[in-house]
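Quick notes on the structure that follows.
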Amino acid sequence: MDYAGSDTTTGPEADHQGPRSWQTDRSRAPAVTKIVIAGGFGVGKTTFVGSVSEITPLRTEAVMTEAGEAVDDFEAVPDKGTTTVAMDFGRITLESDLVLYLFGTPGQKRFWFMWDDLVRGAIGAVVMVDTRRLEDCFPALDYFESGGLPYIVAVNHFEGTARYEPEVVREALSLPAQVPVLVMDARKRITVVDTLLTLVGRALEITPGRH
């Protein structure tokens, strides 16, 4: 497993930089919120978190072995060599007063028992979708729908695959009209940031008093 270190800066450089203005202004204390990134195996959750995290992401990955071929579908991701076995964790400051903690869930069914702990305290979830394997996202959609947690759907468009419009994906997944559907690229920071902003807006729309 690969555990990343802290983002804390020490030494003369830290002394020279000093605290940021919003860190010392109590009237502008940042709101810290938790967001879950979910979806099927190999859909791009680890890439999503790594694309925007301002700290070195914490990843709990294990090397995939031949034993896993009996339980995991490698067809759409033949080059995938590792898999998340607990979670991915990253952090992004969207504004000086809004910090998001990102928790990526493991995609394989045998690790779903961890979801309850990872989701606790989250304001919402991004359900990532690979259009080559739409069925892989249904467990996540059912989980958040039944639990009442605000969520959006982010279609991770892979190179060399057909591109589908959001409304086509919505119809294929039988999603309610009010659930936002976006097409994005988990490798590109700007599209990931747009996805997170959409989720924050959705969470505020559904439960404004809570946030």
Original post:
With a 4.5 Å limit on heavy-atom distance, are the side chains of Pro166 and Val183 in contact?
Top reply: yes
Subject >> Working for side-chain contact (heavy atoms from CB on, under 4.5 Å), residues Val49 and Phe103 >> reply: CA-CA 8 Å; Val49 173; Phe103 288 79; over 6 Å; no
**OP:** Quick one: closest heavy-atom pair of Gly44 and Ala186, and the distance?
**Re:** O-CB, 3.9 Å
Original post:
About how many Å separate OG1 of Thr198 and CG of Leu182, when rounded to the nearest 0.5 Å?
Top reply: 4.5 Å
Original post:
At their closest point, which heavy atom of Gly42 faces which heavy atom of Phe158, and how far apart are they?
Top reply: O-CZ, 4.0 Å
Subject >> Criterion side chain to side chain contact (heavy atoms under 4.5 Å, CB included) against Leu94, the qualifying member of Thr33, Val52, Leu197 >> reply: Leu197
Subject >> Those residues that, when tested against Tyr101, pass ring-ring contact (aromatic ring centres under 6.0 Å, His included) (two or more places apart) >> reply: Phe89
Subject >> Closest non-hydrogen atom pair between Met128 and Met184, with its separation >> reply: CE-SD, 4.5 Å
**OP:** Go through the steps for Ile35 and Val200 under the test side-chain contact (heavy atoms from CB on, under 4.5 Å), then give the verdict.
**Re:** CA-CA 9 Å; Ile35 285 177; Val200 171; 4.2 Å; yes
Subject >> Val129 vs Val181, side-chain contact (heavy atoms from CB on, under 4.5 Å): CA-CA, chis, key distance, verdict >> reply: CA-CA 10 Å; Val129 172; Val181 179; over 6 Å; no
Subject >> Nearest-0.5 Å distance that lies between atom CZ in Arg189 and atom CG in Asp194 >> reply: 11.0 Å
Subject >> Distance-only polar pair, side chains of Thr191 and Asp185, donor-acceptor under 3.5 Å >> reply: no
Original post:
Cluster question for you: counting only ILVMFWY and a side-chain heavy-atom cut-off of under 4.5 Å, with indirect links fine, are Val32 and Leu118 together?
Top reply: yes
Subject >> Val153 and Leu141, any side-chain heavy atoms less than 4.5 Å apart >> reply: yes
Original post:
If you measure from CZ on Phe138 to CG on Asp136, what distance do you get to the nearest 0.5 Å?
Top reply: 9.5 Å
**OP:** Grab the two heavy atoms, one from Ser51 and one from Lys188, that are nearest each other, plus how far apart they are.
**Re:** OG-N, 4.3 Å
**OP:** Give the minimum heavy-atom separation between Glu54 and Thr93, together with the two atoms involved.
**Re:** OE2-OG1, 2.7 Å
Subject >> Qualifying residue, where the test is side chain to side chain contact (heavy atoms under 4.5 Å, CB included) with Ile37 and the options are Val126, Val127, Thr195 >> reply: Val126
Original post:
Heavy atoms, side chains only, cut-off 4.5 Å: are Val192 and Ile92 in contact?
Top reply: no
**OP:** Please assess Val43 against Cys137 for the test side-chain contact (heavy atoms from CB on, under 4.5 Å), listing each intermediate value before the final yes or no.
**Re:** CA-CA 9 Å; Val43 76; Cys137 74; over 6 Å; no
Original post:
Do Asp130 and Phe41 come within less than 4.5 Å of each other through their side chains, counting heavy atoms only?
Top reply: no
Original post:
Pro57 versus Leu102: any side-chain heavy-atom pair under 4.5 Å?
Top reply: no
Original post:
Closest heavy-atom contact between Gly90 and Ser53?
Top reply: CA-OG, 3.4 Å
Original post:
What residue pairs, at least two apart or across chains, pass salt bridge (Lys or Arg N to Asp or Glu O under 4.0 Å) with a residue in residues 154-163?
Top reply: Glu159-Arg187
Original post:
Any side-chain heavy atom of Tyr151 sitting closer than 4.5 Å to one from Val36?
Top reply: no
Original post:
How many angstroms lie between CD1 in Ile152 and CD in Gln178, if you round to the nearest 0.5 Å?
Top reply: 13.5 Å
**OP:** Return the set of residues passing salt bridge (charged side-chain N to carboxylate O under 4.0 Å, His left out) with Glu167 (not counting sequence neighbours), or none when no residue passes.
**Re:** Arg170
